[in-house]
Amino acid sequence: MISIDQALDIIKKNLFILDSEEIDLENSPGRVLAADFLAPEPSPRFSNSAMDGFAVRFADIAGASAESPASLKVIGESQAGIPYTGQPEEGCCIRISTGAVLPEGFDTVVRVEDTESGDAGVLVKTASRKGKDVRFIGEEYQTGECLLRQGQHLSARHISILAAAGAARVSVFRRPRVALLVTGSELTSVGEAPGPGQIRDSNRLMLGAAVSEAGGVVVHSAIAGDDLAATVQAIEATFADAPDILLCAGGVSVGPHDHVKEAAVRAGFTEHFWRIRQKPGKPLFFAGKEKTLFFGLPGNPVSAYMCFCHYLRPLFAAISGQPWEYTSFTAVAAEEISNRGRRPNLVRVTCIHTPGELPKARAVGQQGSHMISSIVAADGYVLVDSETVIKGGTPIEVTTLP
Ligand code: AMP
Ligand code: MG
């Protein structure tokens, strides 16, 4: 058996980087940028007004106050999208709206609230400083500045800057293609009534959801009974769809009806590791063939899920140019969290949050690998080394569950 860190090292050594594709920006939420995005133009693209008011020349209003306002003649208007095209005159101003072009020859904006209408036009009652309420060309960024890095996961705020910069098409990493195969003669589908001794196949739907949460796309989804020949055939059929990742669940332990390892080898895969010193998820199997990575997850739903979270979720990010990392937060153990066993434990915890304090984490009561409620109740998990007791009050790092 190897350690968790050894397993992670072996996986990282066998990774590839996905190729990229160009897609419409509209379809890019949730995708990952495949190249740095450099500003094709400055922002703002032109100097414009930050307020509704009047574009003025500061020299004409310097020293203005409520007692001695500056009187300016309004000679035109600059509306958002409809710039003023005339020339400035002595002691004049231009009515201007937020976002409208600051006309040539003007340097300052006076807010409507700081003016009054006068006989000749407007009376400006305050003069703060030259350039006030002007958004200057390039003040946010200049052409060529890097706005987003390769590996950026695109969410609404990133789409906003890409759209503003005119990136109608963006280069993103291709979604990882995943084939799912669950094995077990006891499995029925969710909608069927289970017969004697049968259980519902929850893993296939759970893994499909986990894959899509991690940014992948399921290209093949199959189920095989506990039969070596049928399992070999099922693996070969899924491999024909050229998945980046072949994700199997069940049949990877030491029972007489666990055929996945042997079937994978018969189907041409080379074993990288089998079995990790950890709980849950000891029998995790990892192999490869050509460009396809094969993961044989244990069938117990909690083990399958925890293996996915610890080994697959970061992998999906890593093959899309992102660092291999976990999202975690610091908490304190609300009470003792112990692992008296000989394998490191991924202990699922729930947290109580109090403003201004570190969250208080408590191990979920029932941690059995078959008890799906343990992952439903958990906010995250803590890696507790073998034969280790974490005393109440100790700070701990909780890896979040999505
Ligand atoms: P195995 O890894 O095949 O030995 O299975 C371990 C346990 O997980 C057994 O109790 C199985 O019935 C259960 N199991 C296997 N596959 C699934 C599945 N697809 N959905 C839910 N439970 C499963
Ligand atoms: Mg089985």
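We count ligands from 1, going down the list as the structure has it; atoms in each ligand are counted the same way.
Judged by the shortest distance from any of its heavy atoms, Gly255 lies outside the 4.0 Å radius around the atoms of ligand 1. Using a 4.0 Å heavy-atom cutoff, Ser253 is absent from the residues neighbouring ligand 1. Heavy atoms of Gly251 approach ligand 1 to within less than 4.0 angstrom.
Close approach of ligand 1 to Leu187 is summarised as follows: ligand atoms under 4.0 Å from at least one heavy atom of the residue are 16 (N), 17 (C), 18 (C), 19 (N). Of all the atoms in ligand 1, the ones that sit under 4.0 Å from a non-hydrogen atom of Pro301 are 21 (C), 22 (N). Every atom of ligand 1 is numbered from 1 in the order shown, and the set under 4.0 Å from a heavy atom of Glu186 is 11 (C), 12 (O), 15 (C). Numbered from 1 in the order shown, with element, the atoms of ligand 1 that lie under 4.0 Å from a heavy atom of Arg200 read 20 (N), 21 (C). Those atoms of ligand 1 with a heavy atom of Ser202 less than 4.0 angstrom away are 20 (N), 21 (C).
Looking at Thr183, Asn203, Leu207 and measuring to atom 17 (C) of ligand 1, the nearest heavy atom belongs to Asn203.
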Kindly list each side-chain donor-acceptor pair under 3.5 angstrom involving residues 227-238, sequence neighbours excluded, with atom names and distances?
{"residue": "Asp227", "atom": "OD2", "partner": "Ala229", "partner atom": "N", "Å": "3.3"}
{"residue": "Asp227", "atom": "OD2", "partner": "Ala230", "partner atom": "N", "Å": "2.8"}
{"residue": "Thr231", "atom": "OG1", "partner": "Asp227", "partner atom": "O", "Å": "2.6"}
{"residue": "Thr238", "atom": "OG1", "partner": "Ala234", "partner atom": "O", "Å": "3.4"}
{"residue": "Thr238", "atom": "OG1", "partner": "Ile235", "partner atom": "O", "Å": "2.8"}

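Considering only residues two or more places apart in sequence or on other chains, Asn48 meets the side-chain hydrogen bond (donor to acceptor under 3.5 Å, both in side chains) condition with Arg135.
Aromatic ring orientation, Phe286 versus His272: tilted (interplanar angle from 30° to 60°).
One side chain, Thr330 or Glu397, offers a donor N or O that lies under 3.5 Å from an acceptor on the other. Donor-acceptor pairing under 3.5 Å is recorded for the side chains of Gln152 and His158.
A salt bridge does not link Arg111 to Asp52: none of the charged nitrogens lies less than 4.0 Å from a carboxylate oxygen.
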Please evaluate residues Arg313 and Phe308 with respect to the criterion side chain to side chain contact (heavy atoms under 4.5 Å, CB included), reporting the C-alpha separation (whole Å), side-chain torsions for both, the decisive distance (0.1 Å), and the verdict.
CA-CA 6 Å; Arg313 233 183 113 75; Phe308 188 93; 4.0 Å; yes

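If you check which protein heavy atom lies closest to atom 22 (N) of ligand 1, you get Ile199 CD1, 3.2 Å. Of the protein's non-hydrogen atoms, Asn300 N, 3.6 Å is the one closest to atom 6 (C) of ligand 1. In terms of protein heavy-atom proximity, atom 4 (O) of ligand 1 is closest to Asp258 OD1, 3.8 Å. Atom 19 (N) of ligand 1 has its closest protein heavy atom at Asp201 OD1, 2.8 Å. Looking from atom 14 (N) of ligand 1 to the surrounding protein, the closest heavy atom is Gly299 O, 3.3 Å.
No side-chain donor-acceptor contact under 3.5 Å links Arg177 to the backbone of Val219.
A cation-pi arrangement is present between Lys289 and Phe239, with the terminal nitrogen or guanidinium carbon under 6.0 Å from the aromatic centre and inside a 45° cone about the axis.
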